[in-house]
Amino acid sequence: MKPQISSSGPLAQTAFQRNGAGLLCCDGLPLSEVSKTFGTPTYVYSERTIVEAFQRFTQAASGRNTLICYALKANSSLGVIRLLAAQGAGFDIVSLGELQRVIAAGGQADRIVFSGVGKTQAEIAAALQAGIKCINVESAAELEMVAQTAGQLNTVAPISLRVNPDIDAQTHPYISTGLKDNKFGIPMDQAETVYRRAQALPSISIQGIDCHIGSQITSLAPFIDALSRVLALADRLAAAGITLHHLDLGGGLGICYDQETPPAPQALLDAVFARLADWQHTRATPLPEVLFEFGRAIVGNAGVLLTRVELLKPSEHKNFAIIDAAMNDLMRPALYEAWHAVELVAPATTNTKRWDLVGPVCESGDWIARDRELGLAQGDLLAILSAGAYGMSMSSNYNSRPRAAEVLVDREGRAHLIRRREEFSDLIGPERIPDHLRG
Ligand code: LLP
């Protein structure tokens with residue numbers, strides 16, 4: 001039987017397609033070859049898909065004063081950062097580690113914005129010393145901390161205030177950030193007061209306004225509603241004599257994991273700029289620069305997690321396939337009950353059954369996919385799809401499992417190891433047995 005190639009779903013328009021022999025490939029390279037060379041579990045990313053996803057945003061923004069930032073937390077591998085830096089991406093970071101990654105990968109500091117509710121003074125100092133574009137301040141207390149740090153360094157901190165527009169992004173509660181119940185941002189009704197305070201601080205330079213309402217958003221309305229609230233605040237600030245040089249509208253555009261149909265980047269940016277044109281129409285000042293911070297929509301469908309079926313454990317009640325990837329490698333199913341499509345790399349050699357794909361970790365929450373009709377045999381290779389975002393970056397060493405390898409496949413179908421599989425020495429490297437416990 002010929003394998004089904006669907007024209008919709010998460011593989012549509014990506015580099016992961018089947019060749020004539022029915023083998024699932026990444027840009028022409030059979031994933032079975034990747035597993036032969038690098039083993040499993042391994043994350044495999046398509047360079048072409050990442051670049052094309054990023055370019056969909058830059059093309060949609062062309063002719064407009066924008067900076068498309070890549071939210072590093074989605075996938076912070078150096079190879080991926082380097083690839084996007086070469087495309088002219090800006091970067092949204094949330095920690096010193098992410099700042100250091102951008103610099104180590106050759107990204108430009110003056111294209112970095114720094115988000116997050118709990119920046120430390122040391123992180124703020126490092127960001128100022130590196131000369132980043134903007135610190136997105138999330139509370140009145142953080143503003144004081146930034147001002148004090150900049151003062152000590154004898155510099156002026158470029159800042160935006162991240163406001164919480166109280167918009168329901170209609171996404172999973174764990175990845176919704178723009179509701180007043182969420183810890184993020186400054187409540188709208190306090191924002192003006194905090195801006196006035198910022199204006200009075202000599203070591204602070206107000207650059208703009210920032211908001212990010214959540215992730216995996218699949219409709220336009222929440223973005224436009226949030227923008228409208230941001231613009232209403234911008235008007236109140238203008239009346240108070242506070243000028244904004246940029247608007248940072250965050251990230252959050254969803255991808256297709258299953259049957260979702262999120263707006264295309266072009267549709268989102270067109271809707272945003274239509275709303276902005278409408279607003280600017282009646283105002284004398286030029287449109288500020290518009291920043292975005294997309295993560296998932298750039299890398300999500302560009303990666304798969306390659307894993308092997310270790311053992312089959314069928315029973316009358318339930319069929320378990322134990323695979324060599326686990327919740328420590330891909331945490332999204334355990335944490336959000338997230339759904340990832342699963343494909344056999346080679347055509348099935350056996351009849352289908354309904355399987356739960358589970359990892360070897362000692363937790364019942366350690367599952368990767370449930371109730372999937374698949375024809376599985378021991379040793380089969382599987383690809384867990386749409387794993388390019390929040391896969392490797394959320395991985396851990398739980399159960400003393402070394403982290404997976406990561407491979408980037410270039411446009412010619414050549415595989416490049418961008419992170420080797422961890423070894424035991426990586427696991428215990430930072431640890432010490434204290435002297436008094438040594439014999
Ligand atoms: N900007 C800020 C301030 C953020 O907090 C985030 C994501 C982004 C940008 C990028 O959002 P994106 O374009 O990727 O949706 N681990 C979860 C997602 C958490 C998102 C956290 N913030 C998941 O696996 O679904």
Side-chain angles (χ1 to χ4, degrees), residues 10 43 50 53-54 56-57 67-76 80 84 89-95 98 112-119 134-139 142 160-165 167 169-179 182-186 208-219 222-223 226 230 247-258 260 262-263 265 268-269 291-303 305 327 329-340 368 384-396:
Y43 278 97
I50 297 175
F54 181 72
R56 273 196 275 278
F57 288 105
L67 177 64
I68 309 289
C69 296
Y70 168 61
L72 220 68
K73 62 174 83 65
N75 185 322
S76 48
V80 171
L84 288 165
F91 295 96
D92 169 58
I93 61 160
V94 290
S95 67
E98 288 194 348
I112 294 176
V113 297
F114 190 176
S115 305
V117 285
K119 305 174 195 79
C134 193
I135 297 181
N136 293 336
V137 171
E138 300 220 15
S139 61
E142 184 190 335
S160 278
L161 294 189
R162 176 171 175 183
V163 295
N164 183 326
I167 294 283
Q170 288 152 8
T171 186
H172 190 284
Y174 283 14
I175 55 176
S176 168
T177 52
L179 282 169
N182 302 132
K183 67 180 175 182
F184 299 97
I186 298 170
I209 187 165
D210 168 47
C211 88
H212 169 82
I213 55 172
S215 196
Q216 184 55 13
I217 302 169
T218 53
S219 62
F223 290 105
V230 163
L247 303 176
D248 180 342
L249 302 179
L253 182 61
I255 61 168
C256 174
Y257 285 98
D258 183 12
E260 303 91 333
L268 175 60
L269 268 64
L291 274 56
F292 295 94
E293 306 166 352
F294 297 111
R296 190 189 316 261
I298 295 173
V299 290
N301 279 330
L305 173 57
M327 65 188 289
D329 300 301
L330 179 64
M331 197 187 181
R332 304 191 69 254
L335 192 57
Y336 317 114
E337 300 197 352
W339 195 95
H340 286 260
I368 297 290
I384 315 297
L385 306 188
S386 313
Y390 305 108
M392 187 65 178
S393 61
M394 292 175 74
S395 66
S396 77

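As the structure lists them, so they are numbered: ligands from 1, and atoms in each ligand from 1.
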Using a strict 4.0 Å cut-off to heavy atoms of [X], name the atoms of ligand 1 that fall inside it.
X	result
Ala71	8 (C), 9 (C), 10 (C)
Glu293	1 (N), 2 (C), 3 (C), 8 (C), 9 (C), 10 (C), 13 (O)
Met394	16 (N), 24 (O)
Phe294	13 (O)
Arg296	12 (P), 13 (O), 14 (O), 18 (C), 23 (C), 25 (O)
Gly295	12 (P), 13 (O), 14 (O)

Please classify the [X] to ligand 1 contact at 4.0 Å (heavy-atom distances, strictly less than): side chain, backbone, both or neither.
X	value
Arg332	side chain
Tyr336	side chain
Asp92	side chain

Looking only at heavy atoms, what is the nearest atom pair of [X] and [Y], with distance?
X	Y	result
Asp329	Ser395	O-CB, 3.8 Å
Leu269	Phe57	CD2-O, 3.8 Å
Lys119	Phe114	CE-O, 3.2 Å

Quiz item: When rounded to the nearest 0.5 angstrom, what is the spacing between CG in Leu291 and CG in Leu247?
Solution: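 It comes to 9.0 Å.
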Exercise. Compute the minimum heavy-atom distance from Arg162 to ligand 1 and say whether it is under 4.0 Å.
Key: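 The answer is yes: ligand 1 sits under 4.0 Å from a heavy atom of Arg162.
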Quiz item: Is Asp92 salt-bridged to Lys73, going by a charged N under 4.0 Å from an acidic O?
Solution: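 The answer is yes: the pair qualifies as a salt bridge.
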Quiz prompt | Glu138 side chain to Phe184 backbone, donor-acceptor under 3.5 Å | solution =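 No; zero donor-acceptor contacts below 3.5 Å.
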Quiz item: Counting only heavy atoms not in Glu260, do more than 12 fall under 6.0 Å of its CD?
Solution: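 Atom CD in Glu260 is packed in, count exceeds 12.
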Quiz item: Looking at Ile384, Leu330, Asn75, which one forms a side chain to side chain contact (heavy atoms under 4.5 Å, CB included) with Tyr43?
Solution: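 Option passing the side chain to side chain contact (heavy atoms under 4.5 Å, CB included) with Tyr43: Leu330.
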Practice problem: Identify which of Gly252, Ser115, Cys69, Gly300 has a heavy atom lying nearest to atom 13 (O) of ligand 1. | Solution: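 Checking each option, the heavy atom nearest atom 13 (O) of ligand 1 is found in Gly252.
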